[in-house]
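Heads up: the structure comes next, in structure tokens.
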Amino acid sequence: MNSPENLLLKNATVVNPESSQVADVLIQNGKITEVAAHIENSEAHIIDLKGKFIFPGFIDLHVHLREPGQEEKETLATGLAAAVHGGITAVCSMPNTNPITDNEYFIKFLVDKAWEINKAKLYPIGAITKQSKGEEISEIVSMIRAGAMAFSDDGLPLENMLVLRRALQYIQPYNKPIILHCENKHLSLDGSMNEGELSTILGLPGIHRACEEASIAQSIEVAKYFGRIHIAHVSTKGSVEIIRLAKQRGIAVTAETAPHYFALTEKDVNNYNTNAKMNPPLRTEEDRRAIIEGLRDGTLDAIATDHAPHAVDDKNKEFNLAAFGIIGLETSVMVTMQKLVQEEGFPLELIAKICSTNPANILGVHSGHVKAGYVADLTVINKEANWEVKDYQLYSKSKNTPFIGMQGKGKAFMTIVNGKIAWQEKV
Amino acid sequence: MINEKPKSLLGLKDLTRLEIENILQQATLFKEIFNRPIKKVATLSNKVVVSLFYEPSTRTKASFDLALRMLGAGSLGFTPASSSVTKGETLIDTVKNLESMGVDAIIIRHGMGGAPHLVASNTNIPVVNAGDGFNEHPTQALLDMFTMIEEKGYIEGKKVAIIGDIMHSRVARSNIWGLTKCGAKVIVCGPPSLIPVGIESLGVTVTNNVEEAIEDADFINVLRVQLERQKGSFFPSTREYHREYGITAQRLKKAKSDAIIMHPGPMNRGVEISTEVADGPYNVILEQVRNGVAVRMAVLYMLLMRSKEI
Ligand SMILES: [Zn+2]
Ligand SMILES: [Zn+2]
């Protein structure tokens with residue numbers, strides 16, 4: 001008799017950060033119990049995945065799910081469904097909700113609700129400071145006890161370096177990352193796109209790259225003495241160089257970038273396309289190249305989407321007034337497969353690393369490998385599937401993405417969370 | 001044909017040299033009307049045009065109003081303070097309402113770059129950009145070019161110096177697009193903090209030396225310095241600005257003896273231009289104002305008479 005809890009995935013290529021092999025994967029009670037050439041098991045439900053690739057579950061370290069407070073843009077239910085639809089098994093939700101997720105009760109609300117929704121896993125991020133005001137640190141340990149997995153004041157930079165120092169010291173025994181949105185607000189002022197040739201041509205106020213790089217450099221010099229930081233949404237060549245050097249100096253810094261920074265450039269803003277407006281902004285081809293090389297050589301540890309849903313009315317307005325941010329959960333795997341695997345020849349093992357193993361390590365969760373003893377969070381990819389992004393196919397409540405209409409190859413085929421199929425391609 | 005979007009004038013960036021020259025040609029015809037006893041042609045007598053001014057402007061608005069009047073068109077003023085805009089109506093809603101009331105074209109001035117483009121993509125009537133953020137002010141550049149041709153006969157090969165706050169100037173951008181397309185040599189000059197990144201890619205030369213900029217120039221277009229830029233630390237004081245970048249009679253000795261001085265107005269005397277120069281023999285600043293009406297007549301006429309495409 002087939003138990004729904006037990007799955008036997010046959011004939012796929014199993015991709016781990018170290019190596020890949022064609023093998024069968026046995027899942028029992030939510031865990032991977034065996035990975036081997038030929039597994040027989042009469043109890044398990046057998047799925048033939050010949051030609052497909054089984055990755056350790058992709059973890060998105062940076063997502064805005066908007067609940068509570070802006071449920072018209074996204075809810076936990078739609079966001080977590082969008083995640084598994086995109087091949088993501090776990091997401092970290094940013095705390096810039098309304099009210100701000102800065103205490104144990106809000107963390108518990110998110111954890112419980114995500115449990116009920118039962119789609120992608122939720123790793124909530126709590127605010128570093130009360131109300132994310134950047135003044136006093138919030139009840140970090142109570143939030144950890146309630147299930148918070150990381151801390152950030154994302155949406156805003158943490159400008160007070162003394163507060164950063166204190167937060168890094170205070171959190172030190174718990175090994176949870178402090179995630180920094182690095183932006184020098186004095187430098188960015190009221191800019192709305194990358195400052196460069198195109199902002200000059202469009203007559204739009206620019207956001208200079210120095211605003212990101214100066215803030216990253218400053219934060220790294222504090223982290224050098226007081227703890228571990230994770231840099232959110234790296235967008236410039238200069239930032240990649242600063243982080244590369246910091247790692248060589250042995251400083252505890254990790255960093256993420258988003259698919260739009262390695263797939264698009266400021267040119268996509270042309271004609272005042274507000275769906276290509278985000279913060280940090282899309283940069284130049286030179287930056288895009290540097291981001292790709294940063295991912296290739298390990299300077300950048302993870303791909304995270306900065307999924308930022310906005311309603312039509314927030315985007316269909318004057319470019320300066322339009323909201324920053326684009327959605328990304330459902331296009332991340334597709335864009336990664338096309339831009340990094342198809343176009344740049346990234347080995348699949350490296351994809352496993354930057355989409356799963358590294359994010360798991362940054363969070364300190366026991367996943368990121370397809371091996372016996374690991375949790376059965378798996379992303380199954382059809383490397384040959386052709387796709388075109390269409391807005392009506394998105395599960396997310398918002399459709400604000402510049403990737404609509406983009407075509408490519410390679411997408412999620414099945415998403416398994418805790419040993420259960422959370423989503424699969426209709427065949 | 002019926003569903004085809006009408007042409008709009010959003011910027012000189014989007015026009016060809018021929019399209020620009022056609023407008024200037026039409027403006028020449030309209031300017032002759034100024035010399036007639038009855039300064040009116042009733043070509044657009046069945047049309048109503050609305051002016052949406054989200055930024056205050058006396059000069060440009062009056063110039064458009066006068067142009068409409070001389071064409072016999074009805075004009076409808078619409079300023080945010082006196083409308084539902086202050087009640088939080090979006091730009092798109094405002095424009096759609098006006099369109100359904102039956103207006104034939106929209107003239108828009110807005111503080112943000114790209115706002116006229118947003119309007120144009122949300123309506124089916126022609127849109128005229130009367131200045132958007134730092135982006136463009138196409139009718140100002142057209143009237144500047146019209147004036148240059150009046151003064152010197154042609155633009156091709158002429159040297160034009162644009163002096164001042166290039167970064168925040170839509171007048172500078174539109175002039176650069178139009179002049180370079182028509183074959184002028186354009187040199188821009190101002191404090192480095194007010195020169196936007198990558199401006200060279202528009203085909204201009206950049207200098208921070210004002211003497212060098214005006215040397216051999218046929219035209220010197222002096223931009224208005226917005227005093228609030230001082231607060232943003234773009235320059236320390238109007239005094240120092242005047243010393244380093246102000247157009248004075250002393251400096252003009254470096255220019256050609258018949259160099260023409262232009263200014264989009266309103267002037268800050270003693271800042272970007274000395275009173276002596278402002279009132280001097282080679283400025284055409286008041287002529288620019290007159291030409292503004294003729295150029296705007298041409299633009300409106302060509303957009304609203306479907307047969308004459310810009
Ligand atoms: Zn951020
Ligand atoms: Zn974010």
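Worth saying up front: this structure is predicted, and the values here are computed from it rather than measured. All chains are named by letter (A, B, ...) in the order of the sequence lines, taking the proteins before the strands, and each is independently numbered beginning at 1.
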Using 0.5 Å steps for rounding, measure from the [atom1] atom of [X] to the [atom2] atom of [Y].
{"X": "A:Phe319", "Y": "B:Asp132", "atom1": "CZ", "atom2": "CG", "result": "13.5 Å"}
{"X": "A:Glu318", "Y": "B:Thr90", "atom1": "CD", "atom2": "OG1", "result": "8.0 Å"}
{"X": "B:Lys13", "Y": "A:Leu202", "atom1": "NZ", "atom2": "CG", "result": "5.0 Å"}

Look at A:Asn271, A:Asp313, A:Leu321, A:Leu198 and state which one has the largest set of heavy-atom pairs under 4.5 Å with chain B.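 Of the options given, most contacts go to A:Leu321.
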Could you pull out the closest heavy-atom pair between B:Ile92 and A:Asn316, with the gap in Å?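 So the minimum-distance heavy-atom pair works out to CD1-O, 3.1 Å.
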Looking only at heavy atoms, which two atoms of A:Ile201 and B:Leu202 are closest? And how far apart?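 Taking A:Ile201 first and B:Leu202 second, the nearest heavy atoms are CG1-CD1, 3.5 Å.
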Quick one, A:Thr200 and B:Glu200 - any side-chain contact, counting heavy atoms below 4.5 Å?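 A:Thr200 does not reach B:Glu200 side chain to side chain.
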Does a sphere of radius 6.0 Å around CD in A:Glu286 hold more than 12 heavy atoms from other residues, nucleotides or ligands, not counting ones at 6.0 Å or beyond?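 No.
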Just checking A:Lys267: does its NZ atom have more than 12 heavy atoms from other residues, nucleotides or ligands closer to it than 6.0 angstrom?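 Incorrect, the count does not exceed 12.
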Under a 4.5 Å heavy-atom cut-off, does chain A meet the side chain of B:His110, its backbone, both or neither?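 B:His110 touches chain A through side-chain heavy atoms alone.
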Using a 4.5 angstrom heavy-atom cutoff, name the option from B:Gly11, B:Ser169, B:Ser201 with the most pairs to chain A.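 Most heavy-atom pairs within the cutoff with chain A belong to B:Ser201.
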Residues from residues 111-118 of chain B approaching chain A under 4.5 Å (heavy atoms):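 Answer by number: B:Met112, B:Gly113, B:Gly114, B:Ala115, B:His117, B:Leu118.
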